[in-house]
S.K.: 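Just passing along the structure, written as structure tokens.
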Amino acid sequence: MVRTIEAISEQVSGGATPTRLDSGVLDAMRRTPRHAFVPAHLQDLAYSDRPLPIGYGQTISQPYIVALMTDLLRLEPHSRALEIGTGSGYQAAVLAELGHEVFTIEIVPALADQAAKRLSDLGYDTVRAREGDGYFGWPDAAPFDGIVVTAAASHVPPPLIKQLKPGGRMVIPVGAAFMTQQLMLIEKQADGTVRTEALLPVSFVPLTSAQ
Ligand code: SAH
């Protein structure tokens with residue numbers, strides 16, 4: 001799986017999209033048991049580089065995209081990371097494998113429960129998972145060194161920009177639901193100004209709202 005990720009990286013690199021992903025990120029991907037995050041009937045496909053259904057109309061993301069988004073956060077060791085869209089819990093586990101403190105929010109109650117249990121059973125003690133609408137972030141745990149949004153938003157949620165530390169990065173797919181979106185890199189500068197860069201076309205399930 002990681003060899004495929006490396007091969008794709010070389011093909012799609014350009015701009016802020018790196019040719020070679022960080023070796024620490026690739027090692028974390030090697031250590032994370034993706035089969036434990038994939039439904040029983042799809043076990044054979046757990047280590048192929050493709051998204052897979054996890055129920056409730058949602059998917060576990062393609063491993064290359066998980067590796068790329070994790071790499072783009074450029075987190076220092078022992079950072080504080082926020083994920084919007086826990087889904088299976090896989091992306092949160094990869095961040096935890098890197099030694100970060102992870103906060104993750106899922107809007108579908110059953111998925112939030114399953115992922116919290118799975119992460120705890122697998123011993124990912126540095127992940128805090130809760131149910132809720134991630135559009136509003138996790139104000140009590142803010143600010144974050146990095147924020148990764150794993151569902152497509154029509155715009156970058158202002159609460160998430162607010163909860164990003166100066167010097168922090170956010171990676172988020174932005175665009176219309178059920179169409180191709182742009183993966184955006186948002187960097188909050190030391191002076192609080194925000195720099196935005198579109199990286200590559202991606203296809204995510206939509207960020208929904210509890211409202
Ligand atoms: N990161 C996941 C994949 C996520 S798929 C993994 O590694 O498996 C996107 C997830 O975002 C879905 O589970 C969906 O229910 C959730 N989601 C959609 N809108 C949301 C919102 N407003 N807040 C939190 N989660 C949301």
Side-chain angles (χ1 to χ4, degrees), residues 1 5 25 28-29 31-39 42-43 45-73 81-98 100 102-122 124 127-139 141-142 144 146-161 163 170-178 181 183 202-211:
M1 182 182 89
I5 292 172
V25 171
M29 299 283 297
R31 288 195 302 272
T32 312
R34 192 167 185 259
H35 65 272
F37 296 85
V38 164
L42 295 172
Q43 287 298 305
L45 298 171
Y47 293 96
S48 45
D49 188 47
R50 47 184 281 189
L52 294 170
I54 55 170
Y56 307 91
Q58 308 304 329
T59 53
I60 176 172
S61 304
Q62 176 191 353
Y64 166 69
I65 293 292
V66 175
L68 174 64
M69 290 173 93
T70 308
D71 179 282
L72 288 167
L73 291 177
L82 174 68
E83 179 194 24
I84 307 305
T86 315
S88 67
Y90 179 70
Q91 168 78 74
V94 170
L95 288 165
E97 284 282 356
L98 282 162
H100 305 307
V102 185
F103 295 81
T104 182
I105 308 175
E106 169 58 52
I107 203 164
V108 176
L111 285 175
D113 288 351
Q114 280 171 24
K117 180 170 185 316
R118 178 179 292 131
L119 289 162
S120 147
D121 288 351
L122 291 168
Y124 288 110
V127 180
R128 285 182 58 195
R130 75 163 169 87
E131 180 198 325
D133 186 349
Y135 183 93
F136 302 102
W138 195 319
F144 300 97
I147 300 179
V148 58
V149 182
T150 66
S154 61
H155 59 276
V156 182
L160 298 184
I161 293 183
Q163 291 172 36
M170 170 165 33
V171 181
I172 176 171
V174 180
F178 305 112
Q181 303 99 29
L183 191 64
V202 286
S203 181
F204 277 82
V205 295
L207 189 76
T208 54
S209 168
Q211 319 291 306

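Each ligand, and each atom within it, is numbered from 1 in the order the structure gives.
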S.K.: For T150 and ligand 1, does the shortest N/O to N/O distance drop below 3.5 Å?
M.R.: yes
S.K.: Heavy-atom contacts with S88 under 4.0 Å: which atoms of ligand 1 show up? List them by number with element.
M.R.: 6 (C), 7 (O), 8 (O)
S.K.: For ligand 1, which atoms have a heavy atom of G134 less than 4.0 angstrom away?
M.R.: 21 (C), 22 (N), 23 (N), 24 (C)
S.K.: As a check for students: among I54, I107, I84, T104, identify the option with a heavy atom nearest to atom 26 (C) of ligand 1.
M.R.: I107
S.K.: Counting heavy atoms not belonging to F178, are there more than 12 under 6.0 Å from its CZ?
M.R.: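 Incorrect, the count does not exceed 12.
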S.K.: Kindly indicate whether the side chain of I54, heavy atoms from C-beta on, has any atom under 4.5 Å from the side chain of L42.
M.R.: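 They are not in contact (no side-chain heavy atoms under 4.5 Å apart), so the answer is no.
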S.K.: May I ask you to check if ligand 1 and S61 share an N or O to N or O distance below 3.5 Å?
M.R.: no
S.K.: Is the shortest side-chain heavy-atom distance between Y90 and M29 below 4.5 Å?
M.R.: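 With C-beta onward as the side chain, the pair touches.
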S.K.: Regarding ligand 1, does L111 bring an N or O atom to under 3.5 Å of one of the ligand's N or O atoms?
M.R.: no
S.K.: If you count the atoms of ligand 1 from 1 in the order shown, which ones are under 4.0 Å from a heavy atom of Y90?
M.R.: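 Reading through ligand 1 atom by atom, the close ones are 7 (O).
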S.K.: Give me the atom names and distance for the closest heavy-atom approach of T150 to G85.
M.R.: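 In this case the closest contact between T150 and G85 is OG1-O, 2.8 Å.
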S.K.: Can you name the atoms of ligand 1, numbered from 1 with element, that are less than 4.0 Å from a heavy atom of L207?
M.R.: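 Heavy-atom distances to L207 below 4.0 Å select 18 (C), 19 (N), 20 (C), 21 (C), 22 (N).
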S.K.: Of all the atoms in ligand 1, which lie at a distance below 4.0 Å from a heavy atom belonging to I60?
M.R.: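 Under 4.0 Å from I60, ligand 1 has these atoms: 8 (O).
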S.K.: May I ask whether A93 places a heavy atom under 4.0 Å from ligand 1?
M.R.: no
S.K.: Among the heavy atoms of V66, does any lie under 4.0 Å from an atom of ligand 1?
M.R.: no
S.K.: In terms of atom number and element, which parts of ligand 1 are under 4.0 angstrom from non-hydrogen atoms of D133?
M.R.: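 In order of numbering, the contacting atoms are 21 (C), 22 (N), 23 (N).
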S.K.: Check whether any heavy atom of A115 sits under 4.0 Å from an atom of ligand 1.
M.R.: no
S.K.: Using the rule side-chain contact (heavy atoms from CB on, under 4.5 Å), only one of I172, D133, I147 pairs with P157; which is it?
M.R.: I172
S.K.: Assess the residue pair V148 and L95 against the criterion (side chain to side chain contact (heavy atoms under 4.5 Å, CB included)); give the C-alpha distance rounded to whole Å, side-chain angles, the decisive distance to 0.1 Å, and a yes or no.
M.R.: CA-CA 10 Å; V148 58; L95 288 165; 4.1 Å; yes
S.K.: For residues L183 and V171, determine if any side-chain heavy atom of one lies less than 4.5 Å from a side-chain heavy atom of the other.
M.R.: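 Yes - at least one pair of side-chain heavy atoms lies under 4.5 Å apart.
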S.K.: Could you tell me which atoms of ligand 1, counted from 1 in the order shown, lie closer than 4.0 angstrom to a heavy atom of V108?
M.R.: 15 (O)
S.K.: Pull out every atom of ligand 1 sitting under 4.0 Å from any heavy atom of V205, numbered as shown with elements.
M.R.: 5 (S), 9 (C)
S.K.: Using every non-hydrogen atom in the two residues, find where A28 and E97 come nearest and quote the distance to one decimal.
M.R.: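 Looks like CB-CB, 3.9 Å.
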S.K.: Could you check if a side-chain atom of Q114 sits within less than 4.5 angstrom of a side-chain atom of Y56, using non-hydrogen atoms only?
M.R.: yes
S.K.: Would you indicate whether R130, at its atom CZ, is surrounded by more than 12 heavy atoms from other residues, nucleotides or ligands within a distance under 6.0 Å?
M.R.: yes
S.K.: Which atom pair, heavy atoms only, marks the closest approach of R118 to F37?
M.R.: CD-CD2, 3.4 Å
S.K.: Should the proximity of A92 to ligand 1, defined as any heavy atom under 4.0 Å, be assigned to the side chain, the backbone, both, or neither?
M.R.: neither
S.K.: Run down the list Q91, R130, M69 and name the one with the heavy atom closest to atom 7 (O) of ligand 1.
M.R.: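 Among Q91, R130, M69, the closest heavy atom to atom 7 (O) of ligand 1 comes from Q91.
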